[in-house]
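Here's the structure we're looking at; comments come further down.
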Amino acid sequence: MKLTIPLTAALTAASLLFIQPLGSAAASPAPIQRKEAVKAQAAAPNPFDQRRELYDKLSIVTQVPWHWIAAVDQYERTMSKVKPKARPMLGSTVGVFIEQEQWAGILNPDVEDSAPVSIRWFNGMGRDGDGNGQADRKNDFDLLYSLVNRISSYGSTDEDFSIGLWEYYQSSRSVQRIQQFSRIYSAFGQLDLFEHAFPVPLGANYSYRDTWGAGRGWGGRRSHEGTDIFAAHGVPVRSTCYGIVEIKGWNPFGGWRIGIRDLNNHYHYYAHLSGFDKAIGVGDVVKPGQVVGWVGSSGYGKPGTQGKFPPHLHYGVYSDRGMIEWAFDPYPMLRKWEQTERAKKRSKK
């Protein structure tokens, strides 16, 4: 039997044979290793390019537009991110998770079956997408193809695909999220849409601190789920993300508020506004830095109530976990976005 030594192990063994004593004139291998690491990192494939290539190939096979395929994959990815134990990563590129029994067929005695014929016989979801004769649950193309194939069995038009989404997920919430993601991808025509901006212009006079969990009295005892950014009345409020406007209007607590959903399935909540950009409506797609409204002091009463507190922006973020949404502290993200934006401005000078 031929013995094969892994390349990394061989290199390590070779380096041990040539260890130089301290003070030796021989050059240290560290700089070389660092250079090699930089080269390897530069040569690493862009994950967004890999996904797009996969989506385009799958679109040709299924006749489903790439942005629908991307939206399904991204929704699955967000669900796996919030439930990593229940939905472990199966492929190396896609985020789709399909239960083993669902893949092979509930009545299939071989739960790890990868034969397309027997899987079809037991009405399993698994399909041979890449044509290698195996329906591999851990193969990116097979995995995503199998899910899109099931959903698109009702048709590839927007309406038919939405029906397929409902039949698969049995959740109007899931259907809405995927529809929203599809609109975002379609609007910008690319996958790398995860850039962020600070919610008010850096040149404005503003202040904020971590107000997460602070007590609130109006409307009953409750915890503060967000960060208050104090600024002058009328200071522009900007979208922090690429996203889609989900809600716009009056809220008894938040006053004039707007809610934007991003591709991480995070809901960004901007409250106490003095007004909105009238050109933006529910269902419209926005980008980081785009003005969506202005700082105010609305809320804590009937529509139009103003001035019960100093003008400020209440900014909150909620993570969709499938059936419910959980608020989490946005302060660390705000600090990061603020610092990143300042660094970009300095680099342009």
Side-chain angles (χ1 to χ4, degrees), residues 47-84 86-100 102-103 124-130 135-194 242-244 246 261-267 283 285 319-323:
F48 293 113
D49 291 342
Q50 286 183 301
R51 291 180 200 171
R52 183 59 190 267
E53 183 179 0
L54 179 61
Y55 301 155
D56 286 341
K57 288 181 179 178
L58 196 52
S59 180
I60 294 173
V61 173
T62 63
Q63 299 302 305
V64 175
W66 75 270
H67 51 85
W68 272 118
I69 298 172
V72 170
D73 186 32
Q74 182 60 22
Y75 176 73
E76 288 277 318
R77 184 175 288 104
T78 64
M79 289 295 99
S80 294
K81 189 174 181 179
V82 297
K83 302 174 182 177
R87 297 171 56 96
M89 188 77 171
L90 296 178
S92 59
T93 301
V94 304
V96 174
F97 178 81
I98 300 175
E99 293 282 359
Q100 186 74 64
Q102 195 177 11
W103 180 269
M125 278 186 62
R127 294 292 183 269
D128 173 19
D130 58 8
D136 186 352
R137 183 168 166 261
K138 294 186 178 180
N139 175 283
D140 285 319
F141 200 93
D142 288 0
L143 193 58
L144 188 53
Y145 172 77
S146 297
L147 179 54
V148 173
N149 178 71
R150 172 62 63 89
I151 295 171
S152 64
S153 62
Y154 290 84
S156 58
T157 66
D158 289 353
E159 183 177 355
D160 290 338
F161 199 76
S162 295
I163 294 172
L165 288 172
W166 164 253
E167 291 297 332
Y168 181 73
Y169 290 103
Q170 294 289 300
S171 166
S172 58
R173 189 189 193 98
S174 299
V175 175
Q176 181 190 29
R177 297 292 177 265
I178 295 172
Q179 289 173 333
Q180 291 171 326
F181 291 0
S182 176
R183 289 198 63 178
I184 297 171
Y185 282 131
S186 178
F188 294 105
Q190 64 184 72
L191 297 177
D192 189 3
L193 300 171
F194 297 92
Y242 288 98
I244 188 166
E246 189 170 300
R261 176 81 50 185
D262 72 9
L263 288 168
N264 284 317
N265 214 348
H266 291 162
Y267 175 77
V285 174
S319 176
D320 188 347
R321 304 181 70 85
M323 298 299 293

- Under the ring pair (Phe, Tyr, Trp, His ring centres under 6.0 Å) test, which residues partner Tyr75, sequence neighbours left out? Tyr169

- Item | Contacts of type ring pair (Phe, Tyr, Trp, His ring centres under 6.0 Å), residue Tyr267, not counting sequence neighbours | none

- Query: Residues two or more places apart in sequence or in another chain: which of them pass side-chain contact (heavy atoms from CB on, under 4.5 Å) with Asp140?
  - Reply: Leu54, Ser92, Thr93, Val94

- Task: List in chain and number order the residues that pass side-chain contact (heavy atoms from CB on, under 4.5 Å) with Asp136, two or more places apart in sequence or in another chain; answer none if no residue qualifies.
- Result: Lys138, Asn139, Asp142

Could I get the full list of side chain to side chain donor-acceptor pair (under 3.5 Å) partners for [X], not counting sequence neighbours?
X      : answer
Ser186 : none
Asp56  : Arg52
Ser80  : Arg87
Arg51  : none

On a heavy-atom basis, which atom in [X] and which in [Y] lie closest, and how many Å separate them?
X      : Y      : result
Trp166 : Ser172 : CZ3-N, 3.4 Å
Ala86  : Phe97  : O-CZ, 3.6 Å
Ser153 : Arg150 : OG-O, 2.8 Å
Ala135 : Gly126 : CB-C, 3.9 Å

- Query: With sequence neighbours left out, which residue pairs that include part of residues 63-74 fulfil the side-chain hydrogen bond (donor to acceptor under 3.5 Å, both in side chains) condition?
  - Reply: Tyr55-Asp73, His67-Ser182, Trp68-Asp158, Asp73-Arg77, Gln74-Arg77

- Message: Using the salt bridge (Lys or Arg N to Asp or Glu O under 4.0 Å) criterion, which residues pair with Glu53? Sequence neighbours excluded.
- Response: Lys57

- Task: Output all residues satisfying salt bridge (Lys or Arg N to Asp or Glu O under 4.0 Å) with Asp320, sequence neighbours left out; order by chain, then residue number.
- Result: Arg173, Arg177

Note, [X] side chain near [Y] side chain (heavy atom, < 4.5 Å):
X      : Y      : value
Leu143 : Trp103 : yes
Thr62  : Ile69  : yes
Asn265 : Met79  : yes
Ser156 : Phe161 : no

- Query: Under 3.5 Å, is there a donor-acceptor pair between the side chain of Ser146 and the main chain of Arg127?
  - Reply: yes

- Query: Does the Ser59 side chain pair with the main chain of Val64, one donor and one acceptor, at a distance under 3.5 Å?
  - Reply: yes

Within this structure, what is the [atom1]-[atom2] distance for the pair [X] and [Y], rounded to the nearest 0.5 Å?
X      : Y      : atom1 : atom2 : value
Gln179 : Ser174 : CD    : OG    : 11.0 Å
Ile244 : Ile184 : CD1   : CD1   : 5.5 Å
Met125 : Arg137 : CE    : CZ    : 11.0 Å
Tyr185 : Leu263 : OH    : CG    : 4.5 Å

- Task: Any pair with a residue in residues 178-192 that passes salt bridge (Lys or Arg N to Asp or Glu O under 4.0 Å), sequence neighbours left out, goes on the list, sorted by first then second residue, please.
- Result: none

- Over 12 non-hydrogen atoms of neighbours within 6.0 angstrom of CD in Glu159: no

- Message: Please evaluate residues Tyr145 and Asp130 with respect to the criterion side-chain contact (heavy atoms from CB on, under 4.5 Å), reporting the C-alpha separation (whole Å), side-chain torsions for both, the decisive distance (0.1 Å), and the verdict.
- Response: CA-CA 9 Å; Tyr145 172 77; Asp130 58 8; over 6 Å; no

